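Accompanying notes for the structure given below.
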Amino acid sequence: MTIHEVIRREIHKHLEQYGLFDGDIEVDLEKPRDRSHGDLSTNIAMVCAKRLSRKPRELAGELAAKLMFDRAVVASVEIAGPGFINFRIAREHQRNLLLELWHGEGAIEAIKTGGGKRINVEYISANPTGPLNVVSARAGAFGSTLVRLLDAVGYDAHGEYYVNDAGRQVKLLGASLRARTMEMLGQAAEFPEDGYKGRYITRMAEELLHLDSKAILEQANVFNDESFHRVTAPAGTADDWMQLPEEESVRRFSKYALMKILTWQRTTCRRFGLRFDTWYFESELHETKRVERALEQLRKNGHVYEQDEATWFRSTTFGDEKDRVIVRSDGIPTYFLADVAYHFHKFQRGFEHAIDFLGPDHHGHIARMEGAMKALGVPDGWLEVQILQQVNFVEDGRPMDMSKREGQFVSMDALCDDVGADVAKYIFLTRKPNSHLDFDLDMAREQSNENPVYYVKYAHARICSVLRKAAEAGISVEDVTEKGLNGLQEEPEWALVGELIRLPETIADAAVAREPHRLTAYAHEVASLYHYFYHHCTILGDDLIVTMARLQLCQATRAVLAHVLELLGVEAPEFMGEKE
RNA sequence: GCGCCUGUAGCUCAGCUGGAUAGAGCACCGGACUUCUAAUCCGGCGGUCGCAGGUUCGAAUCCUGCCAGGCGCGCCA
């Protein structure tokens with residue numbers, strides 16, 4: 001039984017004397033903002049005051065006097081302010097919680113309520129038509145952290161990348177590359193309208209002209225894992241491809257460009273610390289006839305009709321504002337239908353829940369997709385859509401155009417070059433998903449050395465340094481023990497302990513709310529309390545008992561920081577060089 | 001016009017699901033290294049929480065209406 005439950009139960013017991021029963025009224029316990037108000041606080045007296053026609057503070061005093069606790073768990077009960085009842089957790093109990101945490105028992109186990117349920121988290125879905133941009137960076141930071149959070153609370157989370165390689169854009173990409181290549185050879189080439197004008201295409205063409213057929217084939221060798229079995233190199237050389245009839249020629253160039261860009265995208269993801277369990281290719285949906293089968297299923301369930309030579313999904317049945325075309329009048333299925341097939345396949349693959357991360361420009365898709373899932377018999381609530389607001393990049397005081405087609409966008413790689421992956425991730429992860437973020441690149445560059453992430457990293461490195469120093473002096477502290485923690489006496493020490501034991505609930509809250517930014521806030525708080533402790537308490541002192549106690553506290557703090565940083569996908573360094 | 005999101009310190013953002021004196025980082029000012037790493041610590045400056053009503057013991061937080069900004073409302077993806 002957690003301390004929250006102990007306190008709640010005791011309060012409920014006494015509330016019954018006032019005719020208020022469990023289920024009738026809820027006892028909220030929260031951590032007071034001001035530490036001097038104790039460790040936990042409830043407003044129950046104020047909530048009940050009116051119903052009982054009593055003065056809140058008087059009722060609080062009366063109730064508080066009746067509460068009986070094991071002094072080894074709840075050390076004190078006080079009333080304060082307009083009628084709060086504040087509780088102080090006994091140090092002995094805090095110590096026990098920290099020991100449990102250290103051993104990976106207790107609350108950190110109790111939050112694993114997922115029951116091994118398989119959850120699919122699709123957090124990047126991109127056209128393979130250019131380098132990944134910073135929109136994917138934010139999604140990547142969020143998604144990868146959410147996957148780790150879900151695992152931490154007992155789910156079997158699965159990170160997925162959806163490659164939109166089937167549409168017209170890939171053809172357009174190939175045509176763009178072909179045109180650039182021909183231009184380079186001085187041949188007349190018409191650059192496609194709406195083609196991709198980015199410089200990366202020109203550079204790709206340049207490189208391509210220097211490759212013989214063997215070198216081209218070898219480029220595909222980087223894709224040796226199962227997810228990428230579909231990505232292969234086209235046979236021949238650029239010269240060969242240009243001799244072919246246009247359609248086939250474009251196809252070769254597309255195949256090549258796709259391979260190159262996926263190589264970049266995957267490299268970028270790795271650099272950013274993103275690991276995907278699956279890269280799912282849209283083209284596979286078409287080849288395996290899943291798109292057709294999804295259509296048949298929808299039709300069978302009576303949600304499809306023909307009009308104006310097109311095929312429509314009656315999404316209005318499910319609350320969408322209008323019906324949607326799923327097969328165009330030219331016979332080509334829409335992107336939406338493929339997406340329906342994709343999500344249906346996710347369901348068929350055995351995921352009990354699916355989370356999609358979408359940009360705000362796609363929020364209109366939610367209703368129709370949810371409708372389609374319902375139409376296919378997928379349970380309500382199976383699909384969860386998280387909207388991640390747009391990031392506006394600002395440089396020289398003005399917002400940057402993010403159009404990929406025009407080739408002017410901030411790439412994820414450029415972001416890593418500028419500020420580093422850890423800094424970028426941390427900045428994204430201090431914001432909640434709904435925030436419309438203005439990312440000032442100039443400031444980020446300047447601050448990259450003066451950033452909150454270093455505050456946390458430094459705390460970790462500092463602990464490692466102290467532990468090294470202790471080892472040099474012949475004091476080695478590997479474990480955290482009951483006896484050791486009993487040597488803690490000072491207020492800064494216990495403030496730190498009090499924060500460390502909040503790790504499990506912080507993880508659970510962040511996972512449930514899908515709000516990874518709670519982790520960065522927590523990490524900052526722990527780091528802050530450690531720095532405070534460090535300055536007020538000499539760790540390596542003359543009193544061996546105190547020294548041992550403080551070293552153990554260091555060990556525990558280091559473990560907590562490392563744990564949180566790992567969840568955030570940020571490196572926890574053992575050394576930190578001098579700044580500048 | 002309709003829908004989604006947002007509006008908190010000079011800037012970028014938190015505010016733990018309605019609590020006590022609204023916080024952090026950056027910027028600015030002033031202190032602390034002969035010491036376990038000063039990428040730190042201590043102090044200061046700075047806010048009609050967009051505006052106006054409402055709900056109640058209590059509102060940055062919930063409701064309504066305005067104002068401002070972002071995004072969306074294709075047989076594009």
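All values reported here derive from a predicted model rather than from experimental measurement. Labels below follow one simple rule: chain letters A, B, ... track the order of the sequence lines, proteins then strands, and each chain is numbered from 1.
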Does [X] reach a base, just sugar-phosphate, or nothing at all? Heavy atoms under 4.0 Å.
X	value
Ala470(A)	nothing
Ser41(A)	base
Glu309(A)	nothing
Asp34(A)	nothing
Ala310(A)	base
Cys537(A)	base
Asn86(A)	base
Lys457(A)	nothing
Glu321(A)	sugar-phosphate

### Task
Using side-chain contact (heavy atoms from CB on, under 4.5 Å) as the criterion, point out the one residue from Tyr534(A), Tyr530(A), Phe533(A) that pairs with Thr557(A).
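Going through Tyr534(A), Tyr530(A), Phe533(A) one by one, the side-chain contact (heavy atoms from CB on, under 4.5 Å) with Thr557(A) is satisfied by Tyr530(A) alone.
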
Round to the nearest Å and state the distance from [X] atom [atom1] to [N] atom [atom2].
X	N	atom1	atom2	answer
Ile366(A)	C5(B)	CD1	C1'	11 Å
Leu529(A)	A24(B)	CG	P	13 Å
Arg57(A)	G19(B)	CZ	C1'	15 Å
Leu358(A)	C5(B)	CG	P	14 Å
Asp330(A)	G74(B)	CG	P	18 Å
Arg368(A)	C73(B)	CZ	P	8 Å
Asp28(A)	G58(B)	CG	C1'	15 Å
Gln389(A)	C5(B)	CD	P	9 Å

#### Entry: Residue mapping more 5' on RNA chain B - nearest nucleotide basis, Lys50(A) or Ser465(A)
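Final value for this comparison: Ser465(A).
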
### Message
For Pro32(A) and Tyr455(A), find the nucleotide of RNA chain B closest to each by heavy atoms; which residue's nucleotide sits nearer the 5' end?
### Response
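With Pro32(A) and Tyr455(A) compared, the 5'-side residue is Pro32(A).
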
Does [X] contact [N] through a side-chain donor or acceptor facing the base, at a distance under 3.5 Å?
X	N	result
Ser329(A)	C75(B)	yes
His436(A)	C5(B)	yes
His531(A)	A39(B)	no

If the cut-off is 4.0 Å, is [X] near the phosphate of [N], judged by side-chain N/O to OP1 or OP2?
X	N	result
Lys31(A)	C16(B)	no
His517(A)	G15(B)	yes
Tyr532(A)	C42(B)	no
Arg550(A)	C36(B)	no
Thr311(A)	C75(B)	no
Arg328(A)	A77(B)	yes
Lys432(A)	C16(B)	no
Arg518(A)	G15(B)	no
Asn43(A)	G19(B)	no

When you compare [N] with [M], how far apart are their [atom1] atoms, in angstrom units rounded to a whole number?
N	M	atom1	answer
C71(B)	G10(B)	P	26 Å
G3(B)	G43(B)	P	49 Å
C4(B)	C42(B)	P	45 Å
G70(B)	C57(B)	P	41 Å
A24(B)	A14(B)	P	16 Å
U12(B)	G58(B)	C1'	31 Å
U48(B)	A22(B)	P	13 Å
C29(B)	C66(B)	C1'	41 Å

### Passing option when His524(A) is tested against Tyr426(A), Tyr455(A), Tyr454(A) for ring-ring contact (aromatic ring centres under 6.0 Å, His included)
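It is Tyr455(A); the other options fail the test.
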
The side chain of [X] is closest to which nucleotide in this list: [options]?
X	options	answer
Met46(A)	C36(B), C57(B), U17(B)	C57(B)
His524(A)	U17(B), A24(B), A39(B)	A24(B)
Glu515(A)	G15(B), A77(B), G74(B)	G15(B)
Asn434(A)	G19(B), U6(B), A39(B)	U6(B)
His363(A)	G3(B), C5(B), C57(B)	G3(B)
Asp361(A)	G72(B), A39(B), G19(B)	G72(B)

Are more than 12 heavy atoms from other residues, nucleotides or ligands located less than 6.0 Å from atom [atom1] of [X]?
X	atom1	answer
Asp330(A)	CG	yes
Glu193(A)	CD	no
Ile545(A)	CD1	no
Arg168(A)	CZ	no

### Message
Can you tell me whether the base of U40(B) sits syn or anti, using the 90° cut around 0 to define syn?
### Response
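Judged by the O4'-C1' to base torsion, U40(B) sits in anti, the angle falling more than 90° away from 0.
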
### Task
Show your reasoning for whether side chain to side chain donor-acceptor pair (under 3.5 Å) applies to Asp339(A) and His365(A).
CA-CA 10 Å; Asp339(A) 217 20; His365(A) 292 231; 5.5 Å; no

Determine which nucleotide pairs with [N], using a 3.5 Å limit on both distances of a Watson-Crick or G-U wobble pair.
N	result
A39(B)	none
C73(B)	G1(B)
A68(B)	U6(B)
G19(B)	C57(B)

### Message
Closer than 4.0 angstrom, basic N to acidic O: yes or no for Arg299(A) and Glu292(A)?
### Response
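Answer for the salt bridge query: no.
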
### Task
Decide whether a cation-pi geometry holds between Arg514(A) and Phe357(A); the criteria are a distance under 6.0 Å from NZ or CZ to the six-membered ring centre and an angle within 45° of the ring axis.
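Pair Arg514(A)/Phe357(A) does not count as cation-pi.
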
### Query
Side chain of Arg550(A), backbone of Thr538(A): donor and acceptor closer than 3.5 Å?
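Yes.
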
